[in-house]
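Take a look at the structure set out below.
One-based numbering, in listed order, for ligands and for the atoms of each. Any value given below was found using the heavy atoms of this structure, including those in side chains, with hydrogens, waters and symmetry copies removed.
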Amino acid sequence: MEKHNRSLVTRRALLTSALGGAAALTASAVPSRWAIAQAKPLKVGLMLPYSGTYAKLGENITYAIELHVAEKGGTLGGRAIEFVKLDDESKPEIAQQNAERLVKRDNVDVLIGTVHSGVQMGIHKVVRESGTLTIVANAGNNEITRSLCAKNVFRTSFTNWQPAYSMGLALAKKGVKTAAFVTWDYTAGQEMGAAFKEGLEKGGGRFAQLLTLSFPDTNFQPILAQIPSLGVDAVGAFFAGGGAIQFVKEYAAAQIKAPLCGPGFLTEGTLGAQGAAADGIETALHYGDGLDNPKNIAFLEAFKAKAGREADVYAVHGYDAAQLLAIGLEAAGGAIDDEAKLYAAMRGAKIDSPRGPISISASQNVVQNIYLRKVEGGKNKVVGVAAEALADPGTGCKLG
Ligand code: BEZ
């Protein structure tokens with residue numbers, strides 16, 4: 001992925017572009033500052049992981065954003081789009097500094113971020129202060145659309161609560177009595193573990209234990225060795241990307257009796273590498289294989305043509321981030337500063353997503369179906385709906 005792909009725009013080019021098609025302007029008319037601003041490309045910062053365990057997730061989000069912009073003819077709301085890409089390396093410790101670079105040095109108009117919940121928190125600190133329009137294209141940290149919500153921050157993915165709570169509840173409904181949860185020890189793992197426990201207990205099950213290791217470690221053996229002695233009926237897990245591939249393979253090799261399950265990131269975009277080790281794993285997620293709505297069919301084909309590989313839930317998040325931005329910019333006629341029109345349209349958006357129809361909640365997170373999936377024949381086959389049109393509670397969010 002290229003970095004900082006800033007195109008040079010001359011004043012002459014700006015004027016040419018501003019005047020193009022504007023027959024009403026006479027040769028002697030001086031273009032207004034508004035016309036010049038509208039003619040400038042809109043700078044969209046992509047702060048995503050392009051290296052490390054989440055690299056493929058960041059790449060798929062990027063491909064899908066670019067795909068939708070290309071489908072729109074390269075412009076959104078009449079504005080050409082210029083991307084500024086930054087590899088955040090999934091490192092929370094440099095997240096704030098990276099976000100500041102995009103906002104203050106590169107002057108991006110919009111920031112689309114990221115995969116890792118801890119990195120997103122760094123972005124959040126910067127954009128809550130700067131007021132930069134931000135669309136979260138993966139990271140699920142609950143508080144961003146709960147007590148720390150902000151009018152300039154929208155999310156097109158999920159909260160960590162949504163799929164994990166649904167999985168815990170579905171497990172209990174299935175008659176599972178006890179379960180443990182294994183994950184990386186950072187915001188996403190902690191929040192998904194807590195939500196899984198909440199759902200399991202709501203359904204009458206008992207939560208045994210949370211087992212963790214540091215992100216992005218993959219030394220799973222000490223944890224796997226503890227599981228048999230817990231005597232649980234099932235084990236939930238949150239891992240994603242490269243870490244999920246290795247965990248699922250090692251879990252199968254350890255021949256642990258308790259079946260593996262979890263929020264669907266465990267088997268999303270990873271089945272080719274996981275092979276038979278993933279067979280039968282049940283997960284809950286807001287996307288899955290076999291969703292045969294027309295939008296998804298077209299999306300799968302277009303994504304494959306662009307990226308040369310299959311789409312997954314991360315690609316869907318990116319695609320919908322671009323769809324949401326397009327809706328806002330079209331309503332505002334490309335004027336990114338017209339917050340009233342921009343935010344009203346984005347808050348009221350009804351998006352035809354490859355995952356099915358979605359809307360935006362009062363706290364600016366996605367309202368969506370959570371599907372039950374089972375790995376069969378190398379696919380995350382949708383086998384049911386765990387929750388229909390599920391909204392995160394958005395606890396503590398007060399937007400005027
Ligand atoms: C997160 O850190 O929020 C996250 C990362 C990968 C997949 C899902 C959630």
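For ligand 1, the atoms closer than 4.0 angstrom to any heavy atom of Ala139 are 3 (O). Taking every heavy atom of Phe238 and a limit of under 4.0 angstrom, the matching atoms of ligand 1 come to 4 (C), 5 (C), 6 (C), 7 (C), 8 (C), 9 (C). If you number the atoms of ligand 1 from 1 as listed, the ones under 4.0 Å from a heavy atom of Tyr186 come out as 1 (C), 2 (O), 4 (C), 5 (C). Which parts of ligand 1 touch Ala240 is read off a 4.0 Å heavy-atom cut-off, strictly below it: atoms 6 (C), 7 (C). Of all atoms in ligand 1, numbered sequentially from 1 with element shown, those under 4.0 Å from a heavy atom of Val115 are 1 (C), 2 (O), 3 (O), 4 (C), 5 (C), 6 (C). Below 4.0 Å from some heavy atom of Ala188 lie the following atoms of ligand 1, by number and element: 1 (C), 2 (O), 3 (O). Proximity to His116 (heavy-atom distance under 4.0 Å) selects the following atoms of ligand 1: 2 (O). Listed by number with element, the atoms of ligand 1 under 4.0 angstrom from any heavy atom of Asn138 are 4 (C), 5 (C), 6 (C), 7 (C), 8 (C), 9 (C).
The parts of Ser117 lying near ligand 1 are both backbone and side chain, judged by heavy-atom distances below 4.0 Å. When non-hydrogen atoms are compared, ligand 1 lies under 4.0 Å from neither the backbone nor the side chain of Thr187.
Atom CD of Glu93 has more than 12 heavy atoms from other residues, nucleotides or ligands within 6.0 Å. The 12-atom threshold is not exceeded at CD of Glu388, counting heavy atoms of other residues, nucleotides or ligands nearer than 6.0 Å.
No hydrogens or angles considered: a donor-acceptor pair under 3.5 Å links the side chains of Tyr287 and Asn296. Donor-acceptor pairing under 3.5 Å is lacking for the side chains of Thr156 and Asp320. For the residue pair Asp88/Thr114, the side-chain donor-acceptor check at 3.5 Å is satisfied.
Under the ring pair (Phe, Tyr, Trp, His ring centres under 6.0 Å) test applied with Tyr54, the options Tyr314, Phe239, Phe215 reduce to a single match, Phe215. Phe247 pairs with exactly one of Phe265, Phe220, Trp184 by the ring pair (Phe, Tyr, Trp, His ring centres under 6.0 Å) rule, that one being Phe220.
In this structure, NE2 on His116 lies 11.5 Å from NZ on Lys91, to the nearest 0.5 angstrom.
Close N/O approach between Phe158 and ligand 1 is not found [any backbone or side-chain N/O within under 3.5 Å].
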